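First up is the structure itself, then whatever we jot down about it.
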Amino acid sequence: MHLPAPPPPIKRRLLLLLFANLILLASTFVLLKEGGSISSVLLRLGPNIAPIVLAGIGLTGIIWTGAIDLSIGSIISVSGTIFGVAVVRGVPPLAAFTSCVATAFLLSMLNGVVIRALRIPAIIVTLAGLPIYRGVSLLLAEWAIPQFTGNISVTAERYHAPGKIHAWGILLTAVLAAILLESFSRAPRHWLALGSSKEACSLLGLNPGRIQQTAFGVGGLFLGLAALLYVTRIQAIEPARMALGFELQVIGAVILGGTNIFGGEGSYLGTILGAMFLYLIVQVLVYAGASPYFQDAITGAIIIGVIGTDCALNRRRKQLEELS
Amino acid sequence: MRRSLLPLILLTEIVLFTIISGQRFESVPDFLLYFQSYGSDLLVQSAPALLLAFGMTLVLMTAGIDLSVASMVALVACVMSTFEGGTSFWWTAIPVGLCLAIALGAVNGVLIASLDVPPIIATLGTMIFYRGLCFVVMGDLENAPFMDVPVYEALGRVTGAGLVITLVYLIGGSYFHHSRWRREILMLGGNHVAARYAGISVSRRVIQVYSMVGFLAFLAALVFTARNSSISASSLSGLELKVIVAVVLGGTSVQGGRGSIIGTILGVLIVAVLEEGLRGAAIWGDRNLPFNISHLQYILLGLLLIFGVWNNTRVAIPARRQALPHTEM
């Protein structure tokens, strides 16, 4: 009988994604119409993918511990509403930006606390968080802004600085910080350990509850940055519709990047490349003439396809292990 | 949760919202008339949720979950709406919709049973995918051929919708209750490895359950379009959450192996009364609250979900903890 095949190394996934991204980028340039230039495409790339990449890095850590956060789209909408209220009230830009990041951080921490306190699976808690935070952002907007009409328009240019001018800078700094964290810090090792085996973790003297809480904390910080870049890029903040379905794109990017959905395996670099891939493929198809309505269908199909093959491969591995 | 608590919650809700809505009753017939129309409204409003909740209860019993139900209903309705109205609708659009719905459900089932994708991730994927297909089919348009179809409208009234629901719950429910199916589903939800060694063909059962949800999504699409008469690509978003909350409130455990269909009916009614009540309380809310009271619905739904799951696990966990240490995710 054959020995069980070794697990597909994550390096292969990274190389594959890198290669696919390069091909997609190249085809973007090929398909580019007369009007567009290469540099403008590259300039737009940063602000467009930054929210997904940053939220993806945050969520990657959370998924490593075996948890998940389905409420990130709604958390962004609460942060955005807080930011919008701050702008309407005339708060100086720096304070408004800080409040936006802090809100996302606190709500992510809250998710972690509720999961720990009630001992309910993370997926259920954050599934409930999805409508709760959405409702909170609506109530907040109606309560804090007189004559609220459904959207808060932010026109002053100084409030748009992070999303429009500094997006590339913030993105690269945060990515660098994440990769340094992954390489040199102990926390990500703990997250992976928790995701691999909770029992082994507590037998080693580690505290699973606290480890998960740190994952939600660090995830919240990255999510805060993502929210900041998301919010400062758009002209009008709509609490009811902002970032609707964002969590699905982020989860897609994380899983595409080779992070095991059950935790214990993965890399930040994979998530970054996965996010780029999901963005570029839609872009290429739009340049090639597909209707923009295909975007969700394509994203969904890719996610289903990748996760399906992933799980099917895992299943064969498990069955072989069971036999031997 | 103690089953007897559910009717009590329902009654409290109805009384509370009737008081808040400012309804006054002059006489006993007046009172009866009000509740007759209230009841029929409630039934028609919650008909799609009631139908889907039946399937969702079974899905949760297998330790699965189906987030794609709302997208499935929308996609089936969208595809049916591209056919022309008139009598021919009955033998063109309806069979196509039926086959499509069962196929969509079966795709979920195959992903989960044959490819081993965790149910929540698989149906999250198909939720985006099916919703994306809705936009591919419809774009930004809104189609309304349903009113030109003879007899179709009756499905949206109390008699039609009531008949469909009664058939599903009485015939389906009683068959299910006495069949071997139910015990097999409960067993594979409780412990699917044990079920496999007991000779139950696990993957076939799982695919059957998800396909049945597809069939119910078809019925829900019929009832919904007959009542609303038009459909757009973004219709019905958020319905899956209401259905899940209702089923969980009814005492079905998200970890599988335990569930009740009667509880589910009560759960759906609790959620529907809440929604309807908040709508009725709009005038009171405008006067007394600084925000739109109907938006409170989202927060209450989420809290109900957490409360329901917490309540169910409190009862169920101690015995299961040791057997299945890895059920958390």
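By convention in this document, chain letters (A, B, ...) are assigned in the order of the sequence lines, proteins followed by strands, and residues within each chain are numbered from 1. Given the structure is predicted, the values throughout are model-derived calculations rather than measurements.
The environment of B/Tyr298 atom OH is sparse: at most 12 non-hydrogen atoms of other residues, nucleotides or ligands sit within 6.0 angstrom. Residue B/His295 places its NE2 atom among more than 12 non-hydrogen atoms of other residues, nucleotides or ligands, all under 6.0 Å distant.
Both the backbone and the side chain of B/Thr126 come within less than 4.5 Å of a heavy atom in chain A. For B/Leu111, the part sitting under 4.5 Å from any heavy atom of chain A is the side chain, from C-beta outward, and nothing else. For B/Leu241, the part lying near chain A is the side chain, with the backbone staying farther off; criterion is any non-hydrogen pair under 4.5 Å. Using a 4.5 Å cut-off between heavy atoms, B/Leu300 does not touch chain A at all. For B/Val117, the parts sitting under 4.5 Å from any heavy atom of chain A are the backbone and the side chain alike. Heavy-atom distances place the side chain of A/Ile251, and not its backbone, under 4.5 Å from chain B. Neither the backbone nor the side chain of B/Leu304 has a heavy atom closer than 4.5 Å to any heavy atom of chain A.
Taking CH2 of B/Trp310 as the reference point, atom CD1 of A/Ile120 lies at 8.5 Å (rounded to 0.5 Å). Note that CZ of A/Arg134 is 12.5 Å distant from CD1 of B/Ile299, once rounded to the nearest 0.5 Å. The CE atom of B/Met127 sits 11.5 Å away from the CD1 atom of A/Ile304 when rounded to the nearest 0.5 Å. A distance of 7.5 Å separates CD1 in B/Ile244 from CD1 in A/Ile124, rounded to the nearest 0.5 Å. Once rounded to the nearest 0.5 Å, the distance linking CG of A/Leu127 with CD of B/Glu240 reads 8.5 Å. Taken to the nearest 0.5 Å, the CD1 atom of A/Ile261 stands 8.5 Å off from the CG atom of B/Leu124.
At least one side-chain heavy atom of B/Asp140 sits less than 4.5 Å from a side-chain heavy atom of A/Tyr293. For the pair B/Gln255/A/Pro121, a side-chain contact is recorded, criterion being any heavy-atom separation below 4.5 Å from C-beta on.
Residue A/Ala297 comes nearest to B/Val136 through the heavy atom pair CB-CG2, 4.2 Å, listed as atom of the first residue, atom of the second, then distance.
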